Amino acid sequence: MIDAARLHDIAAWSRALEPEALERVQTAAVERRYPAGALVCETGHKFDHWMGVADGLLKMRAISREGKEVTLSGVHSGGWFGEGTILKNELRRYDIVAIRPSSLAMIDRTTFMWLFENSGAFARFLVVQMNERLGHFIGLLENDRMLDATGRVARAVAIMFNPVLYPDSGRHLDLTQEELGLLAGVSRPTANQAIRQLQAQGLLRAEYGGITILDLNGLKTYGAE
DNA sequence: ACATTAAATTCGA
DNA sequence: TCGAATTTAATGT
């Protein structure tokens, strides 16, 4: 159970819900903390919850057969994920790992499905979110082919501040250059150079253990045209 | 890969 | 409980 005020803070989508739907969400939702490095859910396991990051930062990662680790995507405060797995009722395809101490809200599958089928507001939210993700994945393909390392880092940062996927996120992100490199698919030194270059162009500010976004649109369109 | 710097932790008062 | 010393983590080249 999560009270109304808390839910309002951590789940922007809940603000549009009908009263009955909102009440179900409040009753069903639970919040849990994870320490840095914790494995929130593991590939191949069944984990029947839709999850939102109340606070902190997670990453999705896959591990190849040879044991090589690939970071696929980062999720930070305000982001909700896992709907794909729930809708298809399948096993998790990726690990979810806490990059730093995080607090997660969870909604069980039954409640999720009820919302999907009975709340117009919720269904609309899902369509918008999934469409946003689709655009983001298409952008990633473009990324690999057309952007240099700096462009990839810029894109990785911009994705983390997508206002649809991460509403109410501030301008600041606690993320080391090493993690950013993993996220962007470049080495740590390359990420470092990219960050300095982006900083020199006034798009963001580098800090110890984090970055602050100064020009989101500039990051999003970096390297385009 | 190495040097530098920031932060976190330990330890002694 | 404070601050200096040490260790660890992140950054810069």
Side-chain angles (χ1 to χ4, degrees), chain A residues 9-10 31-43 51-79 81 94-105 136 139-140 143-163 165-166 168-224:
Chain A
D9 285 347
I10 66 184
E31 199 171 336
R32 226 187 123 179
R33 310 215 99 262
Y34 290 86
L39 191 55
V40 176
C41 40
E42 206 173 347
T43 307
M51 291 184 272
V53 182
D55 185 60
L57 183 66
L58 311 177
K59 67 178 174 186
M60 288 173 52
R61 93 177 163 196
I63 296 182
S64 70
R65 210 169 308 144
E66 304 86 53
K68 208 163 101 185
E69 184 178 322
V70 185
T71 299
L72 302 166
S73 171
V75 188
H76 79 129
S77 323
F81 62 95
Y94 312 106
D95 292 335
I96 305 287
V97 181
I99 291 179
R100 49 194 185 79
S102 305
S103 182
L104 302 193
H136 147 204
L140 280 180
N143 249 359
D144 274 353
R145 291 164 204 199
M146 310 184 60
L147 295 181
D148 61 6
T150 305
R152 286 212 238 160
V153 170
R155 181 76 71 116
V157 172
I159 286 168
M160 303 274 283
F161 283 90
N162 177 316
L165 298 177
Y166 308 108
D168 309 325
S169 52
R171 308 278 82 190
H172 180 80
L173 181 62
D174 284 313
L175 180 69
T176 64
Q177 298 183 355
E178 171 149 34
E179 286 292 350
L180 186 52
L182 288 173
L183 222 45
V186 302
S187 70
R188 206 270 299 159
T190 306
N192 176 269
Q193 289 308 117
I195 287 168
R196 324 197 98 251
Q197 200 172 327
L198 295 170
Q199 175 167 250
Q201 290 175 44
L203 302 180
L204 54 75
R205 186 168 59 243
E207 287 140 14
Y208 187 84
I211 52 176
T212 294
I213 278 39
L214 300 176
D215 178 358
L216 180 55
N217 200 51
L219 289 168
K220 215 183 317 182
T221 58
Y222 185 95

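Treat the numbers as computed from the prediction; the structure is a model and nothing was measured. Reminder, nothing fancy here: chain letters follow the sequence lines and each chain counts from 1.
- Residue Ile211(A) is tested with Val157(A), Asp174(A), Thr176(A) for a side chain to side chain contact (heavy atoms under 4.5 Å, CB included); the sole match is Val157(A).
- Rounded to whole Å, atom P of dT5(B) lies 19 Å from atom CD of Glu207(A).
- If you take CG of Leu198(A) and P of dT11(C), they are 15 Å apart, rounded to a whole angstrom.
- In terms of heavy-atom proximity, Gln199(A) sits nearest to Ala206(A) at OE1-N, 2.8 Å.
- Screening Thr190(A), Leu198(A), Val186(A) for a side chain to side chain contact (heavy atoms under 4.5 Å, CB included) involving Thr150(A) leaves a single residue, Leu198(A).
- The Gln177(A) side chain lies nearest to dG12(C) when the options are dT13(C), dA6(B), dG12(C).
- The CG-P distance, from Leu173(A) to dA10(C), rounds to 14 Å in whole Å.
- Here Asn192(A) does not reach the OP1 or OP2 of dT11(C): none of its side-chain N or O atoms lies under 4.0 Å away.
- Atom-to-atom, CD1 of Ile99(A) to P of dA9(C) comes out at 16 Å; the value is rounded to the nearest Å.
- With rounding to whole Å, Arg205(A) atom CZ is found 17 Å from dT11(C) atom C1'.
- The CZ atom of Arg196(A) sits 12 Å away from the C1' atom of dT5(B) (whole-angstrom rounding).
- Atom pair Ile211(A):CD1 and dA6(B):C1' shows a separation of 18 Å (rounding to whole Å applied).
- Taken to the nearest 0.5 Å, the CG atom of Leu140(A) stands 10.0 Å off from the CG atom of Leu147(A).
- Contact between the side-chain N/O atoms of Arg188(A) and the OP1/OP2 oxygens of dT11(C) is not found at any separation under 4.0 Å.
- Atom CD1 in Ile195(A) sits roughly 13 Å away from atom P in dT13(C) (whole-Å rounding).
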